[in-house]
Amino acid sequence: MKIIEAHGGELIDLIPDEKLKAERQQLANDMPSWDLTDRQVCDIELLLNGSFSPLNGFMNQADYQAVLNDMRLADGTLWPMPITLDVDEETMSAAKASGHLTLRDEEGVVLAVLKVEDAWKADKAAESQAVFGSTDIKHPAVNYCMNIAGEYYLGGELLGLQLPTHYDYRQHRHTPHETRTKFKKLGWSRVVAFQTRNPMHRAHQELTFRAAQRVEANLLIHPVVGLTKPGDIDHFTRVRCYEKIMDMYPERTTALSLLPLAMRMGGPREALWHAIIRKNYGCTHIIVGRDHAGPGDDSNGQPFYDPYAAQELLKQHEDELGIKMVEFEMMVYSQDKAQYIPISEVEEKENILNISGTELRRRLQQGLDIPDWFSYPDVVAELRKSHPPRNKQGFTVFFTGLSGSGKSTIANALRVKLMEMINRPVTLLDGDVVRKHLSSELGFSKEHRNINVQRIGFVASEITKNGGVAICAPIAPYEKMRSEVRDMIEPLGGFVEIHVATPLEECEKRDRKGLYALARQGVIKEFTGISDPYEEPQDPEMKIDTLDFSPDQATQRIVLKLEAMGLIA
């Protein structure tokens with residue numbers, strides 16, 4: 001039985017035998033090294049195991065430019081997404097000088113050595129416009145490109161050592177070679193892939209079953225468990241949901257495999273990329289729906305991509321690719337027929353039911369009923385475990401304000417009040433206390449202030465993630481860092497920013513330690529409000545001036561706000 005050919009004609013495999021691995025490890029020890037980011041770890045895994053065939057490393061500049069301009073590699077092979085290694089200037093210079101760069105995961109384990117062929121400074125705006133059709137940083141990949149990725153790109157062949165180690169769901173993790181071997185063993189010559197980054201409900205089960213029936217193929221549920229859209233449900237929860245729904249398919253017709261891909265949410269180009277990857281895994285068909293891999297709306301409230309642009313682009317390249325697209329429509333539940341049907345088959349005056357993703361999240365947050373027609377009870381139970389009602393989730397209350405504004409006093413009062421009211425651990429992370437125990441080596445430069453706030457945010461995020469309450473009371477003078485802390489915590493639970501907006505003159509009057517006086521005299525350098533700026537929050541959840549409210553009154557206002565937000569019952 002013949003399995004579909006890999007993209008480019010050959011399935012790449014960059015994992016060496018033990019002898020070659022030992023030689024490469026010796027080379028790696030002698031070269032400058034780079035600690036890979038989460039996205040780079042995903043990319044390097046799919047380069048090493050052949051998912052990105054025919055690529056055998058990070059793109060050189062000629063391939064990169066050809067992909068931007070024409071969605072093809074320099075040799076003409078269809079490829080829509082740039083796969084680049086972004087680094088800082090110091091690493092780029094060291095890599096160019098040595099000709100090699102050792103690539104390590106977060107634990108320092110060497111995954112590969114890059115043979116450096118090209119190094120160049122990227123034009124991030126041009127890349128974003130060419131690949132994603134936008135420079136709007138509301139697009140997650142544009143934001144990554146413009147604000148997170150390193151300024152320099154390195155390209156060249158990879159000398160692989162080993163794949164990243166995964167301790168989770170090993171039974172569901174397969175390389176392209178392994179899925180192809182499995183398909184051959186099972187006699188599956190026609191396989192349709194289903195790409196998803198969300199939990200699957202009854203509508204998804206119905207549409208995938210229909211798609212497989214339509215093309216007379218077996219089905220591979222192939223969810224992404226690398227990096228998806230910020231705010232998505234974590235992959236641990238999703239995989240438990242996939243395991244439950246697998247029981248709903250006919251026996252020996254469907255398989256589950258996890259894909260450690262770092263999605264770009266690139267719409268049409270991403271759909272083409274997904275098709276190539278699934279072709280490398282041995283699939284002959286891929287399901288593509290409305291707005292495939294779209295990131296939603298831009299800063300003007302308009303969709304980044306036309307809802308059918310992905311289907312149209314994939315249709316144009318089907319013959320060249322060899323993998324076929326199975327289009328699908330939105331599935332809705334007909335109350336009259338007691339079954340799911342494509343939206344195009346809805347008859348006039350037919351009673352139709354549907355629950356949007358937003359409505360599902362609302363019901364989970366408020367502990368409301370989720371009907372059986374929408375999802376299987378076992379799937380809903382898994383979602384409820386990881387996403388309890390909002391009043392049982394963790395949250396962070398983040399105070400910010402000048403020294404002497406009253407932050408610590410109100411934060412302490414709030415801590416006691418919450419310990420009276422709720423049965424969850426409450427932790428106070430006061431700015432001065434954290435500096436003493438967690439950040440004692442830091443000074444008061446802008447860089448060190450940011451590191452201190454970042455540490456507070458990290459601890460608060462861990463408390464929030466585990467269902468506790470974190471009350472933070474640093475000065476946190478810079479808007480950008482406060483925004484980063486919010487972004488760190490909001491996907492994990494509630495976040496409430498409170499600006500304690502006591503005027504500077506009043507803060508100076510209250511100054512028991514005499515710090516303001518020393519700052520006025522120039523003895524203390526870089527003092528917030530005197531010789532260093534305080535950037536007031538633009539849109540905090542609450543603003544409190546302690547000239548207008550006593551600590552008890554301020555605390556009561558905050559408690560009422562937490563109740564209104566559903567964070568406490």
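Since this is a predicted model, take the numbers as computed values, not measurements. Position 1 is the first residue of the sequence, and the numbers go up from there.
Atom CG in Asp306 sits 8.5 Å away from atom CG in Asp291 (nearest 0.5 Å).
Between the side chain of Arg264 and the backbone N or O of Ala262 there is at least one donor-acceptor pair closer than 3.5 Å. The backbone N or O of Val224 sits nowhere less than 3.5 Å from a side-chain atom of Arg197 that would complete a donor-acceptor pair. The main-chain N or O of Asp136 is found under 3.5 Å from a side-chain atom of Ser134 such that the two form a donor-acceptor pair. Proximity of a side-chain donor or acceptor of Tyr305 to a complementary backbone N or O of Phe132 within less than 3.5 Å is detected. Under the 3.5 Å distance criterion, the side-chain polar atoms of Glu23 are left unmatched by any main-chain donor or acceptor of Leu20. In terms of modelled atom types and a separation under 3.5 Å, the side chain of Glu157 and the main chain of Leu114 share no donor-acceptor contact. Panel note: side chain Asp298, backbone Pro303; no donor-acceptor pair is recorded below 3.5 Å. One N or O on the side chain of Lys124 and one on the backbone of Ala149 form a donor-acceptor pair closer than 3.5 Å. Remark: the backbone N or O of His177 is paired with a side-chain donor or acceptor of Thr181 at under 3.5 angstrom. Under the 3.5 Å distance criterion, the side-chain polar atoms of Asn300 are left unmatched by any main-chain donor or acceptor of Gln302.
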### Task
List the steps, then state whether side chain to side chain contact (heavy atoms under 4.5 Å, CB included) holds for Ile221 with Tyr249.
CA-CA 11 Å; Ile221 306 296; Tyr249 290 95; 3.8 Å; yes

#### Entry: salt bridge (charged side-chain N to carboxylate O under 4.0 Å, His left out) assessment of Asp168 paired with Arg173
CA-CA 9 Å; Asp168 60 318; Arg173 292 183 180 270; 2.9 Å; yes

### Task
Using the side chain to side chain contact (heavy atoms under 4.5 Å, CB included) rule, take Met265 and Val142 through it: C-alpha gap first, then chi angles, then the decisive distance, then the call.
CA-CA 10 Å; Met265 305 306 298; Val142 172; over 6 Å; no

#### Entry: Candidate pair Met59 and Trp79, rule side chain to side chain contact (heavy atoms under 4.5 Å, CB included), full reasoning
CA-CA 11 Å; Met59 289 179 179; Trp79 188 275; 3.2 Å; yes

### Query
Should Asn198 and Ile233 be marked as a side chain to side chain contact (heavy atoms under 4.5 Å, CB included) after you check the CA-CA gap, both sets of side-chain angles, and the distance that decides it?
CA-CA 7 Å; Asn198 295 309; Ile233 289 176; over 6 Å; no

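No hydrogens or angles considered: nothing links the side chains of Gln61 and Tyr153 as a donor-acceptor pair under 3.5 Å. In summary, the side chains of Ser257 and His174 do present a donor paired with an acceptor at a separation below 3.5 Å, with no hydrogens or angles considered. Residues Thr84 and Asp86 bring no donor and acceptor atom of their side chains to less than 3.5 Å of each other. Side-chain contact, Thr175 with Arg180: no donor N or O sits under 3.5 Å from an acceptor N or O. With 3.5 Å as the limit, one finds a donor-acceptor pair spanning the side chains of His166 and Glu45. Counted by atom type alone, Thr253 and Asn218 present zero donor-acceptor pairs between their side chains at under 3.5 Å. Under 3.5 Å, the side chains of Thr135 and Ser128 contain no donor-acceptor pair of N or O atoms. There is a side-chain donor-acceptor pair under 3.5 Å between Glu243 and His172. No side-chain N or O of Thr102 forms a donor-acceptor pair with one of Ser33 less than 3.5 Å apart.
For the side-chain hydrogen bond (donor to acceptor under 3.5 Å, both in side chains) test, no residue two or more places apart in sequence or in another chain qualifies with Glu312. Partners of Glu329 according to the side-chain hydrogen bond (donor to acceptor under 3.5 Å, both in side chains) rule, which considers only residues two or more places apart in sequence or in another chain, are Ser344. By the salt bridge (Lys or Arg N to Asp or Glu O under 4.0 Å) test, Asp319 is found to be paired with Lys324, residues two or more places apart in sequence or in another chain being considered. By the ring-ring contact (aromatic ring centres under 6.0 Å, His included) test, Phe395 is found to be paired with no residue, residues two or more places apart in sequence or in another chain being considered. For Lys315, the salt bridge (Lys or Arg N to Asp or Glu O under 4.0 Å) partners at least two apart in sequence or on another chain are Glu318.
For CD of Glu479, the number of neighbouring non-hydrogen atoms (other residues, nucleotides, ligands) closer than 6.0 Å is greater than 12. Summarising the local packing, CD of Glu441 is surrounded by more than 12 heavy atoms from other residues, nucleotides or ligands at distances under 6.0 Å. More than 12 heavy atoms of other residues, nucleotides or ligands lie within 6.0 Å of NZ in Lys138, so this atom counts as buried by the packing criterion.
Listed here is the closest heavy atom pair of Val326 and Ala211: CG1-CB, 3.8 Å. In terms of heavy atoms, Gly266 sits closest to His139 at CA-NE2, 4.4 Å. Across every non-hydrogen atom of Gly108 and Arg104, the tightest pair is O-NH1, 2.9 Å. Closest heavy-atom contact between Ala130 and Arg269: O-NH2, 3.4 Å. Here the shortest heavy-atom pairing between Arg238 and Thr228 reads NH2-CG2, 4.2 Å. Nearest heavy atoms, Met92 versus Ala119: CG-CB, 3.9 Å.
A cation-pi arrangement is present between Arg39 and Tyr144 under the rule of less than 6.0 angstrom and at most 45 degrees off the ring axis.
Inter-residue side-chain proximity for Pro268 and Gln311 is flagged as unmet; no heavy-atom pair is nearer than 4.5 Å.
Residue Gln195 forms a side chain to side chain donor-acceptor pair (under 3.5 Å) with just one option from Arg278, Glu270, His292, His222, and that option is Arg278.
Between Glu206 and Arg210 there is a salt bridge, since a side-chain N of the basic residue sits under 4.0 Å from a carboxylate O of the acidic one. In summary, Glu320 and Arg72 engage in a salt bridge, as defined by a charged side-chain N under 4.0 Å from a carboxylate O.
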Which pairs would a plain distance check flag for residues 279-289, meaning a side-chain donor or acceptor within less than 3.5 Å of a matching protein atom at least two apart in sequence or in another chain?
from   : atom 1 : to     : atom 2 : distance (Å)
Lys279 : NZ     : Leu321 : O      : 2.7
Asn280 : OD1    : His7   : N      : 2.8
Asn280 : ND2    : Ser51  : O      : 2.8
Asn280 : ND2    : Ser53  : O      : 3.1
Asn280 : ND2    : Ile276 : O      : 3.4
Tyr281 : OH     : Ser51  : OG     : 3.0
Thr284 : OG1    : Val191 : N      : 2.9
Thr284 : OG1    : Val191 : O      : 3.2

